[in-house]
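Below is one structure, written out as structure tokens; comments come after it.
Below, all heavy atoms of this structure are taken into account, side chains as well, without hydrogens, waters or symmetry copies. In this chain, residues are counted from 1 in sequence order. Remember, it's a predicted structure, so these values are computed and weren't measured experimentally.
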Amino acid sequence: MKITDVKNIKASRKYSNALISTALENNNADKIYQDLVFITETIKTNAQLHDFLYNPVVTCSDKIDVIKKLFSVHIDKISLDFMLLLAENRRLNILEEVLNQYLESYNKHKNIVKPLIVSAVELDEERKKRIIQKLETKLSKTVLPEYKVSPDIIGGLIIEIDDKTIDCSIRAKFENLRQQLTKGNKYGNN
């Protein structure tokens, strides 16, 4: 990781923390989150806007004018002021990371967890419901999973939550069995 990346992550965390505290104080964390998603998607899908806002040659005042014209009608005043602050401080380049940091804080505040559930085949709705119910009971949190199909796990599931992985795949069981067999049995016979 480059030093500039570390600096950007630290900066985005500071901006995000300030934004989430302001949003929580004003009871509009949901709206601010929706605004951030709207803003980042708008910038991502419009190449001209993206190039304009991220161009270091374009003046801050020009960027501020464009941000006001484009977003003032569509987003909360706090979100608009936040975007203007980023533009003023020449920090629009960290907007996506601010969104990621904000989302992380928002989910903690709302007691939401977003695990990745990997299966060998597509799961039917009933199975998904049972998995979600078990996870919500075990974690005491709202579970909003993302699903991925990976045939190479052979069967079972792999569940990734934050920095933890629960591997109940057949591939993992085979790997464990293989390791036990190559170590020899508990009586010392190889």
Below 4.0 angstrom, N of the basic side chain to O of the carboxylate: do [X] and [Y] qualify?
X	Y	result
K63	E88	no
D81	K77	yes
K110	D30	yes

Are [X] and [Y] connected, step by step, through hydrophobic side chains (Ile, Leu, Val, Met, Phe, Trp, Tyr) whose heavy atoms are closer than 4.5 Å?
X	Y	value
I159	I112	no
L103	I161	no
V118	I170	no

Indicate the atoms forming the closest heavy-atom contact of [X] with [Y], along with that distance.
X	Y	result
D62	V58	CB-CG1, 3.9 Å
S140	N111	O-ND2, 3.0 Å
A172	S169	N-OG, 3.1 Å
A87	I64	CB-CG1, 3.9 Å
R91	A11	NH2-CB, 3.3 Å
I43	H50	O-CB, 3.5 Å

For the residue pair [X] and [Y], establish whether any side-chain heavy-atom pair is separated by less than 4.5 Å.
X	Y	answer
E97	N8	no
I78	L19	yes
M83	L92	yes
P115	L135	yes
N28	D76	yes
V121	P151	no
V149	L123	no
K148	L116	yes

Answer yes or no: are there more than 12 heavy-atom neighbours, outside [X] itself, under 6.0 Å from its atom [atom1]?
X	atom1	answer
R130	CZ	yes
E175	CD	yes
F38	CZ	yes
R90	CZ	no

(request) Report the C-alpha distance between K31 and D35 in whole Å, list the side-chain angles of each, state the deciding distance to 0.1 Å, and finish with yes or no for salt bridge (Lys or Arg N to Asp or Glu O under 4.0 Å). (result) CA-CA 6 Å; K31 175 65 174 132; D35 288 349; 2.6 Å; yes

(message) Before you tell me yes or no, could you show the steps for R127 and L157 under side chain to side chain contact (heavy atoms under 4.5 Å, CB included), namely the whole-Å CA-CA distance, both residues' side-chain angles and the distance that decides it to 0.1 Å?
(response) CA-CA 12 Å; R127 174 87 179 192; L157 297 172; 3.9 Å; yes

(message) D162: which residues meet the salt bridge (charged side-chain N to carboxylate O under 4.0 Å, His left out) condition with it, sequence neighbours left out?
(response)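 Residues passing salt bridge (charged side-chain N to carboxylate O under 4.0 Å, His left out) with D162: none at all.
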
(message) Please enumerate all residues that pass salt bridge (charged side-chain N to carboxylate O under 4.0 Å, His left out) together with E122, with sequence neighbours excluded.
(response)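 So E122 forms a salt bridge (charged side-chain N to carboxylate O under 4.0 Å, His left out) with K128.
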
(request) Name the orientation class of the two ring planes belonging to Y33 and Y102 (parallel below 30°, tilted from 30 to 60°, perpendicular beyond 60°). (result)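 The arrangement is parallel - the two ring planes meet at less than 30°.
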
(request) Kindly compute the distance separating CD1 (I20) from CD1 (I32), expressed to the nearest 0.5 Å. (result)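 These two atoms lie 9.0 Å from each other.
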
(request) Indicate yes or no for a side-chain donor-acceptor contact from T182 to the backbone of R178 under 3.5 Å, with no hydrogens or angles considered. (result)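 Yes; judged by distance alone, with no hydrogens or angles, the pair exists.
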
(request) Determine, stepwise, if the pair T22 / F82 fulfils side chain to side chain contact (heavy atoms under 4.5 Å, CB included). (result) CA-CA 10 Å; T22 304; F82 180 74; over 6 Å; no

